[in-house]
Structures are given as C-alpha cells and as structure tokens.
Amino acid sequence: MTPVPASHGTDPESRRVYVLDRTPTVPTIARRRVRAALTEWQVSPEDIDTAVQVISEIATNAVEHTRSRRIRLEVERYPDWIQVAVRDSGPRPEATLAARTDAGMEEGGRGLLLVHALAARWGAEPVPGNGLRVWATIRPGDRHE
C-alpha cells in the first residue's frame with residue numbers, strides 16, 4: 001500500500017461518480033458500473049476484469065465495515081492508468097488498512113490482499129468529516145501474476 005493518492009494531481013480524461021445507498025447490493029452495482037464505464041472507454045477486457053475484481057473487494061469492505069448511509073463510487077481514466085475508489089462517511093477504522101497475509105482459508109479477510117495483488121498501487125485516505133476513501137490504480141497491460 002502507498003499513502004499517496006494515485007492521481008498525483010492529474011485530471012482524469014474521463015470520470016464517473018455514483019452515489020449509492022449502502023445496501024448489500026452495492027458490490028454488484030459497483031461491478032456493473034465499473035464494467036460499463038470501462039467498456040465505454042474501450043479499456044481492454046483483461047484490465048476491465050482486474051478493475052471489477054478490485055472494486056468488488058473495496059465496495060464489499062465499505063458495506064461491511066462502515067455505518068455510512070451512502071457510498072460514493074468513483075471510476076477514472078487517466079492517460080496511463082485507471083483508478084477506482086470507494087468513499088464512505090465513516091467512521092474510520094481505528095487501525096491502518098493493510099492487506100492481511102494471515103487470513104488462511106477462513107471466510108473473509110483476504111479482500112485487501114487481493115487488491116494488493118491486482119492493483120499497481122492502492123491506498124486509503126481520510127476525507128472531510130469522519131470518512132475514508134479507498135482507491136486502487138490499475139495500469140493497463142500490467143499483469144500481476
């Protein structure tokens with residue numbers, strides 16, 4: 001994980017923002033919205049699949065670990081990368097987000113490990129109020145196998 005936002009102050013070429021009520025369907029809706037935006041922007045199917053997997057994990061964490069009433073989904077295309085993010089209104093976790101390497105085969109606990117494996121960079125940053133924005137960058141053609 002890196003503490004620096006992936007955008008580095010660069011404006012995206014294309015951007016979609018969706019505000020969703022926090023329900024168990026948020027990860028499904030997030031996957032569909034990311035897939036639709038990236039398909040429209042003519043991103044490769046492999047990179048779309050990577051972004052969809054990443055957003056699914058981040059959105060699932062937001063639904064399971066926040067009491068936010070709404071969750072904001074962001075999809076951005078830059079010249080050399082794609083960024084997906086989920087923003088909630090809190091409360092923030094007490095511990096720093098990290099990929100768990102000790103999750104084993106138990107149910108849950110591997111989401112950020114998957115994000116870490118698939119994304120070129122990812123991180124979490126506080127937002128005004130009590131929220132958190134978790135983002136991940138996918139570099140087209142960059143395979144993490």
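Note that the numbering runs from 1 along the sequence shown for the chain.
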Pair L20-R33, side-chain contact (heavy atoms from CB on, under 4.5 Å): steps then yes or no | CA-CA 11 Å; L20 309 170; R33 299 276 169 91; 3.8 Å; yes
Output the distance between atom [atom1] ([X]) and atom [atom2] ([Y]), rounded to the nearest 0.5 Å.
X: I71; Y: I58; atom1: CD1; atom2: CD1; answer: 12.0 Å
X: I138; Y: E46; atom1: CD1; atom2: CD; answer: 13.5 Å
X: E74; Y: W135; atom1: CD; atom2: CH2; answer: 12.0 Å
X: L118; Y: D47; atom1: CG; atom2: CG; answer: 11.0 Å
X: I55; Y: L73; atom1: CD1; atom2: CG; answer: 5.0 Å
X: R70; Y: R87; atom1: CZ; atom2: CZ; answer: 14.0 Å

Looking only at heavy atoms, what is the nearest atom pair of [X] and [Y], with distance?
X: S89; Y: R69; value: OG-N, 4.4 Å
X: A62; Y: V86; value: CB-CG1, 3.6 Å
X: A136; Y: V115; value: CB-CG1, 4.3 Å
X: V63; Y: T23; value: CG2-O, 3.6 Å

Do R77 and S14 have side-chain N/O donor and acceptor atoms under 3.5 Å apart?
-> yes
CD (E13) with more than 12 external heavy atoms under 6.0 Å | yes
Hey, is CZ on R15 packed in by over 12 heavy atoms from elsewhere, all under 6.0 Å?
-> yes
Is it true that a side-chain atom of [X] and a backbone atom of [Y] form a donor plus acceptor pair closer than 3.5 Å?
X: T39; Y: R35; answer: yes
X: T60; Y: S56; answer: yes
X: R22; Y: T66; answer: yes

Would you please test L112 and E57 for side-chain contact (heavy atoms from CB on, under 4.5 Å) and show each step?
-> CA-CA 7 Å; L112 291 179; E57 296 301 331; over 6 Å; no
For the residue pair V43 and P140, establish whether any side-chain heavy-atom pair is separated by less than 4.5 Å.
-> no
Check whether any side-chain heavy atom of W41 lies under 4.5 Å from a side-chain heavy atom of V75, and answer yes or no.
-> yes
